[in-house]
Amino acid sequence: VNRTGRIPFVWSALAALALLAAAATPGVPADEARFAAEASRTSVALGGGLDLGAEPGTPLRASLSGGAAAVSGASHAAGARAGLPHRVGFRLPSVAAGALVATLVAALAGSLAGPGAALLAPALLLTVPRALGAFATAGAAPAVALAWLAAVLLLLRAAASAPRRGLGWAAPALLFVAGVATSALPLGPPGAAPLVAATLGVPAAILALHAGGLLHALVRLAGARGDRAGAAREATLLAGAVVPIAAAALGLGGDRGGALSLAALPVLSVLGARALVAAARAAWPAGAGRLTAAAAVLVVWPAARATIHHHGRALGWSELAGGLPGAATRALPRGGGEAVALALPALAEHARPGARVWFGALPEAAVALYRADGRLRGDLASATSPADADLAVVALDGSRDPEYRVWTAFRTARPVHAVVLDEVPLAFVYARPGAWR
Amino acid sequence: MARGEVPKRLRAALAGGFHSAGALARFLRDRWPAPPRLAALVLLGAVAALGIHGVVFQARLGDRLPHALDWEAAASVLESTARPGDAVALSPAWAERARAVLPPTVAVLALTRLGTDDLLGVRRLFFLSLPRAPGFSWDAELAILEHATAAEAPATLGAIELARYDLALPAMPLTFLPDRLAGATVEEADAACAPRGDAFVCPRGGRIAREVREVARAPRACLAVTLAPGAPITVTFPAVRVGRVLRGRAGLVAPDAAALRVAVRVDGEDVGTAAVAGWAPFELDTAAQAGPAQRVALVVTESDGAPARGTACVEAATLP
């Protein structure tokens, strides 16, 4: 931290502001809604006054995820008293975790490679659309990422202070155990989704830096024959970057493998920033600072633009995937249901008074959050099936069967309103005759 | 120029060239960066190239995709030229804004792979493509060309290309059985099922309805059948015009549903059976039973002792 001065603390404030702005977006993904439903039990117990319909009688899970839900609920209860929108109240702990992770990332990068890396590393983290999305929505992923980064930092510290005791070499194994233990997540089937997200879900230039950072760490590890502390440090960093993604790909995260994948990003950002700074020093020693700055702009600018473009609407896919259109062609997921929020203004404007609306596979908690935050017109009732509905709003994520059931019930496949991004449909609104004015 | 002068000069030039090449090689060798610096330059070059690619990709993406005016132009063309029996195929399949903007009289087919079985009842096919969209490929159009001929040169409407194809052998069904469910009788084992709304609900929990369901990642208009354990469902369609062939497809709505079988009877005579899996096509010879008003029964049963689970989607049509 000494070499980087106040950079981590500046990043802390910057990250908090950016994440707060991002947390104000109205879209509530399905995963976030389920998490908020669990969190709302704590909120209700603390007088938060918004029950999102979690299973009654189910105790909070004694795990990191359960703890994160309790903290989110407590935050909501406090936020509700302060007059914050309900969704923002649930999201504040994620924002805080994101700001803390950005601070630690800047500090770690600074201690490894100087102020240039300290400035760059948090930017590499927060301009990955998935990272910004995770730190700006309620969920367990930010807590997992923070716990993982804390474990990496502790092991780095231990390896630096006692390299001869072999603690450094035990770091990768300890990280693996910590990953499984802290996540307390169920086993799921192995899959390529975490690898796809870790590659095509990351802006291309940042992905190149991730790869460069890993290679750089490998080279340093290979070159640290007599330096046990250095070798232990590099091994710990490599394990911190690779183990979460490998664990998620092996199914250790179950259906929440995304949380584990996110945990790798802070360490990858540090490695990428260190590699860029080292490359600039090697390529042009006299102008390393200017070269680093120029390269950083080329990396961060398109990534930031893509992240802002996609946030709150859809998953961000890199240029290598062809953006959202290319990802849709490859049948990759388009989003998590948050696009439904973008149909709500049209629904408020055109829906017949008192119409019943069916929201497809979107969890009821998401609809309840929209209603509580005043985004869903007060007179519109929720329908339990397309057969009971006058209008249907369906997100185009995963299975399309709910939408086709609407076609059957409404006898039409023609939507009255479409939410599209880069021409890729994200949500459709269907209406029975007379229900859409 | 005297004879022998040219080879001499050529030899001299080549020698000079080799000398220059050698000098160039020495020059490069002397200035070739050390491996660490070379690796650094490669990383910086890759990062810069990908960053610039990212900026250019984002700046040009809007021009590669259709604008509202392009969609209006496509809708206008179809409004004026489409006829009953026409359909629009989309490429890429996600370009489903078409559903909201194209004339409602034209069926929109948003399928990643289009086969002849998907073109039941279609005489002419409009192929609406976004050729400059990221990830676009001509595979869908090539698949259509196997069964159809281009009727005219494609029209370019901004970022949209609209081409018309006439199907070489359009499959026009005599009867599309799911559309006749309302007039059918349904039995679960030997007990009659009662009509309720658009569905038939059976005493032991079975159900059958004409629905659109997702099978093999596409919408399928079909008979959605849910079986109760050990209770086959028989749906009998009276007065069906039967031709030479009964063609259909069957699949399971949920991937974890158990396998089912469909047996077909025409006027009480078994015509054949088909397994319900993966939206697999089946074709049964009904030439011997052809007639203008036959009784066609579909019997849906559990397959090979597997207990019924989930919903099957069965499409069947009689063809001339």
Side-chain angles (χ1 to χ4, degrees), chain A residues 203-205 207-209 212 215-216 219 275-276 278-283 291 294-295 297-303 305-306 309 318-331 334 387 396 399-401 403-405 407-409 412-418 420 422-425 428, chain B residues 33-34 36-58 61-62 64-67 92-97 99-102 104 107-108 110 112 130 133-137 159 197-198 209-215 217-221 224 253-254:
Chain A
L207 180 66
L209 275 185
L215 280 174
H216 184 226
V219 169
L276 186 67
R281 280 181 192 145
L291 192 55
V297 169
L298 280 176
V299 172
V300 172
W301 170 251
R305 211 177 142 188
H309 182 64
S318 83
E319 314 86 67
L320 295 181
L324 188 59
T329 303
R330 290 172 174 79
R334 301 178 192 181
L396 276 60
S399 169
R400 299 281 296 269
D401 202 49
E403 182 187 7
Y404 303 151
R405 288 175 60 202
W407 293 9
T408 303
T412 181
R414 186 181 171 83
V416 292
H417 181 74
V420 297
D422 296 336
E423 277 308 314
V424 177
F428 281 141
Chain B
R37 187 157 184 260
L38 181 64
L41 289 172
V42 168
L43 178 63
L44 287 169
V47 164
L50 289 170
I52 291 167
H53 174 253
V55 173
V56 173
F57 176 84
Q58 289 162 12
L61 184 58
R64 296 168 67 181
L65 300 169
H67 299 283
W94 50 258
E96 289 183 276
R97 188 200 280 268
R99 291 193 194 285
V101 297
L102 297 185
V108 176
T112 46
L130 314 182
F136 177 82
S137 89
D198 292 337
R210 196 279 192 198
E211 293 180 343
V212 181
R213 301 304 296 264
E214 183 180 30
V215 182
R217 300 179 61 185
R220 316 288 184 181
V253 174

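Not measured: the values here are computed from a predicted model. Order of the sequence lines sets the chain letters (A, B, ...), proteins ahead of strands, with each chain counted from 1.
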Point to revise | Heavy-atom pair count under 4.5 Å with chain A, highest-scoring of B:Gln58, B:Arg37, B:Glu211, B:Arg220 | key: B:Gln58

Revision key, fill the gap. In short, A:Asp422 meets B:Trp94 closest at the heavy-atom pair O-CZ3, 4.4 Å

Review point. Can you say whether B:Val101 sits under 4.5 Å from chain A via the side chain, the backbone, both, or neither, judging by heavy atoms?
Key: backbone

**Study point:** A:Pro415, part contacting chain B, at a heavy-atom distance under 4.5 Å
**Key:** both

Review point. Where does A:Ala306 contact chain B at under 4.5 Å (heavy atoms): side chain, backbone, both or neither?
Key: both

Review point. Checking heavy atoms, do the side chain of A:Val420, its backbone, both or neither come under 4.5 Å from chain B?
Key: side chain

Review point. Between B:Glu96, B:Arg217, B:Arg64, B:Arg210, which shows the greatest number of heavy-atom pairs under 4.5 Å with chain A?
Key: B:Glu96

Check your understanding: With B:Glu214, which residues qualify under salt bridge (Lys or Arg N to Asp or Glu O under 4.0 Å), at least two apart?
Key -> none

Revision key, fill the gap. Correct closest heavy-atom pair for A:Ala279 and B:Leu44 would be O-CD1, 3.8 Å

Check your understanding: Checking B:Ala48 against chain A: side chain, backbone, both or neither under 4.5 Å from a heavy atom?
Key -> both

Check your understanding: What pair of heavy atoms forms the shortest contact from A:Ala282 to B:Pro36, and how long is it?
Key -> CB-O, 4.4 Å

Point to revise | Contact class of A:Leu291 relative to chain B, heavy atoms under 4.5 angstrom | key: side chain

Study note, to complete from the structure: Cut-off 4.5 Å, heavy atoms of chain A, and the answer for B:Ala100 is both

Point to revise | Which portion of B:Ala209 sits near chain A, non-hydrogen atoms under 4.5 angstrom | key: neither

**Study point:** Top contributor to chain A contacts, counting heavy-atom pairs under 4.5 Å, from B:Leu41, B:Leu65, B:Leu38
**Key:** B:Leu65

Point to revise | Contact summary for A:Thr329 and B:Gly135, nearest pair of heavy atoms | key: CG2-O, 3.3 Å

Exercise for review: Check each atom of A:Ala409 against the heavy atoms of chain B and say whether the ones under 4.5 Å are side chain, backbone, both or neither.
Suggested key: neither

Exercise for review: Under 4.5 Å heavy-atom distance to chain A, tell me which part of B:Leu130 shows up: side chain, backbone, both or neither.
Suggested key: neither

Point to revise | Contact origin within A:Ser399 toward chain B - heavy atom pairs under 4.5 Å | key: both

Review point. Considering only heavy atoms, which portion of B:Pro219 lies under 4.5 Å from any heavy atom of chain A: side chain, backbone, both, or neither?
Key: both

**Study point:** Smallest separation among heavy atoms of A:Ala275 and B:Leu43, with atom names
**Key:** O-CD2, 3.9 Å

Point to revise | Shortest non-hydrogen contact from B:Phe57 toward A:Glu319 | key: CD2-CG, 3.8 Å

Review point. In terms of heavy-atom pairs under 4.5 Å, which option from A:Gly212, A:Gly326, A:Gly322, A:Ala321 contacts chain B the most?
Key: A:Gly322

**Study point:** Min side-chain heavy-atom separation B:Ile52-A:Leu298 under 4.5 Å
**Key:** yes

Study note, to complete from the structure: One option among A:Tyr404, A:Trp407, A:Phe428 has the most heavy-atom pairs under 4.5 Å with chain B, and it is A:Tyr404

